[in-house]
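Structure record follows, encoded as structure tokens.
Residue numbers begin at 1 in each chain, while the letters A, B, ... track the order of the sequences.
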Amino acid sequence: MIELIHVTKRFGDAVAVDDISLSVGKGELCVLVGTSGCGKSTTLRMINRLIEHSDGEIHLDGQPVREFREEVLRRRIGYAIQSTGLFPHWTVERNIGLVPRLLKWPANRVRERVEELMALLELSMTEFADKYPSQLSGGQAQRVGVARALAADPEILLMDEPFGALDPITRESLQDELARLQARLHKTIVFVTHDMDEALRLADRLVVMNQGRIVQQGHPIELLRAPADAFVESLLGGEDRGLKEAALLPVSERMSPLGPGPLAEERIARDATLREALSVMLWRHVEHLAVVDDDEVPIGELSLRRLVGARDHDA
Amino acid sequence: MMRKGRSSRGYGWLSPLLWLSLLLSACLGMEGLKGLFRLVEPDSQALIYDRADFIVLLGRHLLVVGVAALLAILLGVGAAVAVTRPGGRDFLPLVGQLASIGQTFPPVAVLALAVPVLGFGTLPIIVALLLYGLLPIVRNTLAGLEGIDPGVAEAARGMGMTGGQRLRQVELPLAAPVILAGIRTSVTINIATAAIGATVGASNLGDPIISGIVNGNTAHVLQGALLIGLLALSVDSLFARFQPASSS
């Protein structure tokens, strides 16, 4: 678990991070969002001491980060960045095995771990192990970057806009992959992004920063329903907030049990989002959808009225 | 002076072998070119320089350039590495300027100043070549180290590599092509410059040239120049062979 207690960072006279306190629990995925220059990257980099904080304390499992030797601290924390930072003169296999080798793992254990990670990130060992970073696509390189960050099985993962340079389709597939990995690995992750959809999609806890301060933090749904001020509201998408919230809620939350009448023709999966359901309604010009489970068996129905009007229902 | 050597053109071993064999045959078989030199010096008795074997002069020439290059590499790369470390950053402009001054200072002047201190012989010419050859090495090492992708440098730090590990495993290997280009420029220039060593008693391939000038024997001048030119081409093509294509 990571704790920032009244942390400030000054560069000369400029204050980049202004007295912030933040606690990220074990297994939590905390996303820092904000406009460029709001101090979110600086905050992230103070945790592994790539930047030293000026005031306050940063604790890792109760121990101040300053008490660690820099290298020892960083080898305990996975780190992935937008430009991947893969070493261009090393093969994929060697890149991924970097931190385990720094930790002096025996060669065969490093090799096994690399194989394990490449399988986890769906990179074929035979195809990619001996390739160099310049031979990879952006998405593949970022997968390797994530594999490298996970190599020594760190408790904590810091990710600085890791998917920011990818095309929208690759970005979404990597976001899904990260969500899938996180459901399995339960790392403590601090993730920086300026892409609000990405933030809403991944965050257990969303932290909005502006001008070096934390403006609001909480679960994405909480922030969407009650933004603290106009800045948070506009960052969260203003008029688009309804759609963004709908994108976070599953159909199963608003569906009603199967009625006696005839079943609607159009179908939607139980774990699809309300946003997807709304889109199907708009597209097909219908007001009712049949909700089906994974085996395409109808288990309920969703009306437009329930989809949009159910706020008082679940409150 | 940031001459980046021409990049290797994919001849493989062909071009270095060609130049080396021309160099050696010229060294050993200068007699065979007598007819050619007769054209420029029709009346000379001693048509071919014979105060020392060309092959011996070649060896001494290589030795002087080699020792100077080795010292220049140690000093130049060492200084450039030192001033790109966190502790040495303040000295970066100073080192750049010192290296530039080293090269603007004519080697002949260095010789004139060094001889009273170091005496005649090989030592002053090594000092002169060392100073003259530093700039391309320092400049290119700095350029190579500073030119590393900031993302790569950041990742190396973020992954928990120590300063020494970053230098040996990341920075130097990535800067190597640019550093090598600097060494190539430095060595090639110094092969030609070393000839002036003959004026202070360092016997090398400059001997025939200086003695030819003194005795008015153009044939001797040409013989020295021919061998130095072939040596420079041989060494340059060897560098081209070993320099990775990614340097440019």
Thinking salt bridges, do A:Arg66 and A:Glu57 make one under a 4.0 Å N-O criterion? no
Distance col, row A:Asp18:CG vs A:Met209:CE, nearest 0.5 angstrom, shows 9.5 Å
Counting heavy-atom pairs closer than 4.5 Å to chain A, which one of B:Pro150, B:Gly158, B:Gly151, B:Ala155 comes out on top? B:Gly158
Atom group of A:Leu86 that falls short of 4.5 Å from chain B, counting heavy atoms: backbone
Given heavy-atom pairs under 4.5 angstrom as the criterion, report whether the side chain, backbone, both or neither of B:Ala156 touches chain A. both
Given that the side chain runs from C-beta out, which part of A:Arg45 has a heavy atom under 4.5 Å from chain B: side chain, backbone, both or neither? side chain
Are the side chains of B:Val108 and B:Ile196 in touch, meaning some heavy atoms are under 4.5 Å apart? yes
Would B:Glu171 and B:Arg85 pass as an ion pair if we require N to O under 4.0 Å? yes
So, does B:Asn140 use its side chain to make a donor-acceptor pair with the main chain of B:Val178 at under 3.5 Å? yes
Face-on cation placement of A:Arg148 at A:Phe87 ring, 6.0 Å and 45° thresholds: yes
I'd like to know if A:Arg171 pairs up with A:Glu161 as an ion pair, taking the criterion as any Lys NZ or Arg NE/NH1/NH2 lying under 4.0 Å from an Asp or Glu carboxylate oxygen. no
CG of B:Leu142 to CD1 of B:Ile137, rounded to nearest 0.5 Å, is 12.0 Å
Could you check whether B:Arg241 makes a cation-pi contact with B:Trp19, meaning its NZ or CZ is under 6.0 Å from the centre of the six-membered ring and within 45° of the ring axis? no
Would you please go through residues 102-125 of chain A and name the residues with a non-hydrogen atom below 4.5 Å from one of chain B, in numerical order? A:Leu102
Proximity breakdown for B:Gln169 and chain A, heavy-atom pairs closer than 4.5 Å: both
Can you name the residues of residues 58-65 of chain A that have some heavy atom under 4.5 Å away from a heavy atom in chain B? none
Please determine whether side-chain hydrogen bond (donor to acceptor under 3.5 Å, both in side chains) holds for the pair B:Ser203 and B:Arg60, giving the CA-CA distance in whole Å, both sets of side-chain angles, and the decisive distance to 0.1 Å. CA-CA 7 Å; B:Ser203 136; B:Arg60 290 190 187 139; 2.5 Å; yes
Is A:Asp55 reaching over with its side chain to a backbone N or O of A:Thr8, donor-acceptor style, under 3.5 angstrom? no
Give the C-alpha distance, both sets of side-chain angles, the deciding distance and a yes or no for salt bridge (Lys or Arg N to Asp or Glu O under 4.0 Å) between A:Arg49 and A:Glu67. CA-CA 11 Å; A:Arg49 289 181 61 196; A:Glu67 284 181 9; over 6 Å; no
